[in-house]
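Taking it in order: structure first as structure tokens, then the write-up.
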Number of protein chains: 2
Amino acid sequence: MVRPSDDLRDSIRNVPDFPKRGIIFRDITTLLKDKIAFQKTIEIFYDRFKSYEVDKIVSVESRGFIFGSALANRLCVGFIPVRKPNKLPSKTIREEYQLEYGKDALEIHMDAIQKGERILIVDDLLATGGTVQATCKLVEKLGGEIVGLAFLIELSFLKGRDNLKDYNVYSIIQYDNE
Amino acid sequence: MVRPSDDLRDSIRNVPDFPKRGIIFRDITTLLKDKIAFQKTIEIFYDRFKSYEVDKIVSVESRGFIFGSALANRLCVGFIPVRKPNKLPSKTIREEYQLEYGKDALEIHMDAIQKGERILIVDDLLATGGTVQATCKLVEKLGGEIVGLAFLIELSFLKGRDNLKDYNVYSIIQYDNE
């Protein structure tokens with residue numbers, strides 16, 4: 001069976017031992033520089049979510065911005081950046097999340113979302129799901145209704161989806177093993 | 001005279017004393033969350049550059065990604081991220097540039113651009129022009145032909161344009177004073 005995502009998978013570059021030994025990094029820059037593959041990615045997302053009456057897309061810096069912004073423009077909806085601490089200039093709320101070693105945090109502007117707005121969260125990659133869980137909490141604290149979580153790549157073997165059972169999770173390409 | 005960019009200017013929030021005392025930060029997140037303003041921004045860029053036969057858009061993380069990616073999708077061209085050191089996984093070239101205090105550097109993948117490709121550089125903000133000059137050097141080292149530099153905001157009083165005389169510089173909104 002040929003899946004519509006098979007040629008997109010071919011346009012992702014596998015970089016062994018990045019950022020550290022034993023990890024295969026899935027490099028999306030080879031997809032982005034290919035205008036056909038990039039356009040197709042956004043169209044797949046668009047077709048999947050065009051009927052969801054999305055009000056705004058929320059994405060986490062930096063790679064998340066690439067897909068979230070292009071899709072927001074395609075869907076003709078607003079775009080909300082979620083950023084590392086102290087990058088957003090106005091009043092924010094913050095959510096901490098666990099890393100392999102230590103903690104990190106994400107922030108969103110307090111006035112980014114109106115209560116009841118329908119929010120689609122877009123990111124390039126679903127790994128263990130830590131950053132997307134923190135992002136969901138930020139959106140929900142502001143009263144946003146999360147209508148979907150969309151990823152280009154899902155590292156299925158890390159089982160991030162198991163931590164996102166309350167949500168409608170969609171990914172274009174899955175990797176079942178490292 | 002009402003300029004087409006006047007209502008876009010109104011959708012930018014002015015945040016005093018960010019990131020430090022005496023600076024008025026021009027916050028684009030209020031523009032991005034407004035679907036009409038965001039769409040209009042991308043359409044203004046699109047109309048300005050649609051006849052330039054652009055092959056690829058190059059943008060610097062993180063805010064540059066937001067405009068560069070949406071415009072690349074709109075123009076149906078490839079997108080190339082320029083990033084801070086050690087973020088891009090494959091072989092890169094690096095360019096240092098001067099900050100107010102100290103230095104920073106940017107990287108691009110060596111295989112991002114083919115010799116002779118027509119490149120549009122997109123960023124949210126033209127200030128003194130340090131990052132965009134470094135970006136131009138990276139593109140030219142790879143043999144790219146820079147057909148334009150496009151910014152949402154130009155802080156004209158910083159005279160960044162004076163350092164970019166070899167290029168076709170376009171900005172949607174100008175601030176003539178702090």
Side-chain angles (χ1 to χ4, degrees), chain A residues 13-19 23-39 41-43 46 55-81 83-84 86-91 108-109 111-114 117, chain B residues 13-19 23 25-39 41-43 46 54-81 83-84 86-91 108-109 111-114 117:
Chain A
R13 169 164 52 191
N14 300 315
V15 181
D17 300 321
F18 186 90
I23 305 278
I24 301 172
F25 189 84
R26 308 300 178 173
D27 177 15
I28 57 161
T29 67
T30 39
L31 179 149
L32 294 170
K33 76 173 176 176
D34 173 349
K35 65 182 179 184
I36 305 297
F38 179 36
Q39 200 79 14
T41 301
I42 300 303
E43 288 309 298
Y46 174 75
D55 290 308
K56 286 169 179 164
I57 284 177
V58 171
S59 291
V60 178
E61 68 175 316
S62 293
R63 287 193 304 266
F65 287 3
I66 299 172
F67 298 98
S69 166
L71 183 58
N73 188 249
R74 183 69 179 87
L75 284 168
C76 198
V77 302
F79 177 76
I80 308 290
R83 301 203 64 181
K84 295 290 172 66
N86 309 315
K87 298 269 194 165
L88 291 169
S90 193
K91 284 180 191 162
I108 194 169
H109 271 147
D111 62 359
I113 292 170
Q114 308 262 313
E117 281 187 320
Chain B
R13 169 163 53 191
N14 300 315
V15 182
D17 300 320
F18 186 90
I23 305 278
F25 189 85
R26 308 299 178 174
D27 177 15
I28 57 162
T29 67
T30 40
L31 180 150
L32 294 170
K33 76 173 177 176
D34 173 348
K35 66 181 179 186
I36 305 297
F38 179 36
Q39 200 79 16
T41 301
I42 300 304
E43 288 308 299
Y46 174 75
V54 173
D55 290 308
K56 285 168 180 166
I57 285 177
V58 171
S59 292
V60 178
E61 69 174 315
S62 296
R63 287 194 303 266
F65 287 2
I66 297 172
F67 298 98
S69 166
L71 183 58
N73 189 248
R74 182 69 179 88
L75 283 168
C76 199
V77 303
F79 177 75
I80 308 290
R83 302 203 64 182
K84 295 290 172 66
N86 307 315
K87 298 269 194 165
L88 290 169
S90 194
K91 284 179 190 160
I108 195 169
H109 271 146
D111 62 359
I113 293 170
Q114 309 263 313
E117 280 187 322

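In what follows, every chain begins at residue 1, and chains take the letters A, B, ... in the order their sequences are listed.
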pair F65(A)-P81(A): side-chain heavy atoms closer than 4.5 Å:
yes
Are L32(A) and F67(A) side-chain neighbours, meaning at least one heavy-atom pair lies under 4.5 Å?
yes
Part of K56(B) within contact of chain A (heavy atom distance under 4.5 Å)
side chain
For chain A, find which of K33(B), K87(B), K35(B) contributes the most heavy-atom pairs closer than 4.5 angstrom.
K33(B)
Okay, D111(B) and chain A: the region with an atom under 4.5 Å from a heavy atom over there is both
Toward chain A, the part of V77(B) with a non-hydrogen atom under 4.5 Å
backbone
Of the listed I36(A), V15(A), D27(A), the one with the largest count of heavy-atom pairs under 4.5 Å with chain B is D27(A)
Indicate the ring-plane relationship of F38(A) and F79(B), choosing parallel, tilted or perpendicular according to the 30° and 60° boundaries.
tilted
Excluding sequence neighbours, so at least two apart, what forms salt bridge (Lys or Arg N to Asp or Glu O under 4.0 Å) with R74(A)?
E43(A)
Would you list the pairs meeting salt bridge (Lys or Arg N to Asp or Glu O under 4.0 Å) in which at least one residue belongs to residues 59-68 of chain A, sequence neighbours left out?
E61(A)-R83(A), R63(A)-D124(A)
Under 4.5 Å between any side-chain heavy atoms of R13(A) and T29(A), yes or no?
yes
Could you look at I80(B) and say if it's the side chain, the backbone, both or neither that has a heavy atom under 4.5 Å from chain A?
side chain
What part of L88(B) lies closer than 4.5 angstrom to a heavy atom of chain A: side chain, backbone, both or neither?
both
Can you say whether P89(B) sits under 4.5 Å from chain A via the side chain, the backbone, both, or neither, judging by heavy atoms?
both
